[in-house]
Amino acid sequence: MDIPESHPRRLSLMTRNKLVDGVEKGITSKAGLIAHGRGEAFDYLLGEKTIPIAERAERAAVKAMLDADNPVISINGNVAALVPTDIIKLADRLSAKLEVNLFHRTDERISRIIEWLELHGGSDILGGKPDAKIPGLDHARGLCTEEGIFSADVVLVPLEDGDRAQALSKMEKTVITIDLNPLSRTANAADITIVDNIVRAVPNMLELEPSDAGFDNDHNISEVLRYISERLEGLA
Ligand code: ATP
Ligand code: MG
């Protein structure tokens, strides 16, 4: 679909189109479209920009990944559709492994996502042959690789489901998420919560200097909620 240059919601519509294409290519699930809609609603509340509080979390995330022994980035159908090139560049910058890990798992969708990432320059992408299981999750939801997510000390799980984020946290990993909903279970289970749209957060993380000086995740989430409520007060 062509979107006129002048359309005021051009960026948002282009982002939606990437997901619709993702569904057509068999890499994004239909449920992924709904998840995106929920994210968009929160993005509206933030003003559709990276707020300074989110930038602080992005810096802390870059630092944690750079300091890790085995950092892994988990990819799902939305991440693959929205930021295929940048997520590969980010893995490069952070010396992190990429692992495809799906909530609505099918082997076919996993292979399509791996092919899609390879088309964008990725290599050695894990997830095609799971040989380990995250404790506490039912079989399909818990599958992962020993080399990747299972043995990771720091995992970046963007747009992740709450149960899985909590299960990873119980494994004593440092869990980093990108999630526009500061109230989600994932946002509150993570050690570093980036409340920002993935289409902005990942490019930012390619540029930002690492720093975790004074970073406190609970405080950061409170600040996001305060930011939103003050913004809404101002608009009211
Ligand atoms: P939880 O399971 O953590 O309680 P949930 O069930 O509401 O949350 P899920 O569908 O499990 O949500 O996870 C997807 C999350 O990703 C949602 O919180 C949604 O706000 C967020 N999200 C969707 N699209 C984006 C995006 N483009 N950038 C950042 N976050 C997004
Ligand atoms: Mg969920």
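Remember, it's 1-based here, ligands and their atoms both numbered in the order they're listed. Note that the structure is predicted; figures quoted are calculated from it, not measured. Side-chain atoms are counted along with the backbone in the values below, which use heavy atoms only and exclude waters and symmetry mates.
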Discussion item. Suppose we measure from atom 1 (P) of ligand 1 to each protein heavy atom; which comes out shortest, and what is that distance?
Written reply: G162 N, 3.5 Å
Worksheet, complete the sentence: Any heavy atom of D196 under 4.0 Å from ligand 1? The part involved is backbone
Item to complete: Distance to 0.1 Å, residue and atom name: give those for the protein heavy atom nearest to atom 12 (O) of ligand 1.
Response: R38 NE, 4.2 Å
Practice prompt. Just need the protein heavy atom nearest to atom 13 (O) of ligand 1, so name the residue and atom and give the distance.
Written response: E160 O, 3.3 Å
Discussion item. With a 4.0 Å cut-off on N to O distance, would you call D161 and R185 a salt bridge?
Written reply: yes
Item to complete: Could you tell me the residue and atom name of the protein heavy atom closest to atom 8 (O) of ligand 1, and the distance to it rounded to 0.1 Å?
Response: S184 CB, 3.7 Å
Fill in: D161: its N/O/S atom lying closest to the Mg ion (ligand 2) (atom name)
OD1
Practice prompt. State whether K129 and E146 are salt-bridged, where the test is any N-O pair (Lys NZ or Arg NE/NH1/NH2 against Asp/Glu carboxylate O) under 4.0 Å.
Written response: no
Item to complete: Considering only NZ, NE, NH1 and NH2 on the basic side and carboxylate oxygens on the acidic side, decide whether D107 and R112 come within less than 4.0 Å.
Response: no
Discussion item. What I want to know is whether D163 and ligand 1 share at least one N or O pair that is separated by under 3.5 angstrom.
Written reply: no
Worksheet item: Does the distance from a Lys or Arg side-chain N to an Asp or Glu carboxylate O, for R200 and E48, drop under 4.0 Å?
Response: no
Worksheet entry | Within 45° cone and under 6.0 Å: R141 NZ/CZ vs F103 ring | yes
Worksheet entry | Close approach, E40 and ligand 1, non-hydrogen under 4.0 angstrom | no
Item to complete: Quick one: look up the protein heavy atom nearest atom 30 (N) of ligand 1 and list residue, atom name and how far away it is.
Response: L180 N, 3.1 Å
Worksheet item: How far is atom 16 (O) of ligand 1 from its nearest protein heavy atom, and which residue and atom is that?
Response: L159 CA, 3.6 Å
Practice prompt. Identify, for atom 18 (O) of ligand 1, the protein heavy atom at the shortest distance, and state residue, atom and that distance.
Written response: D179 OD1, 2.8 Å
Practice prompt. Just go through D161, V157, L183 and tell me whose heavy atom is the nearest to atom 11 (O) of ligand 1.
Written response: D161
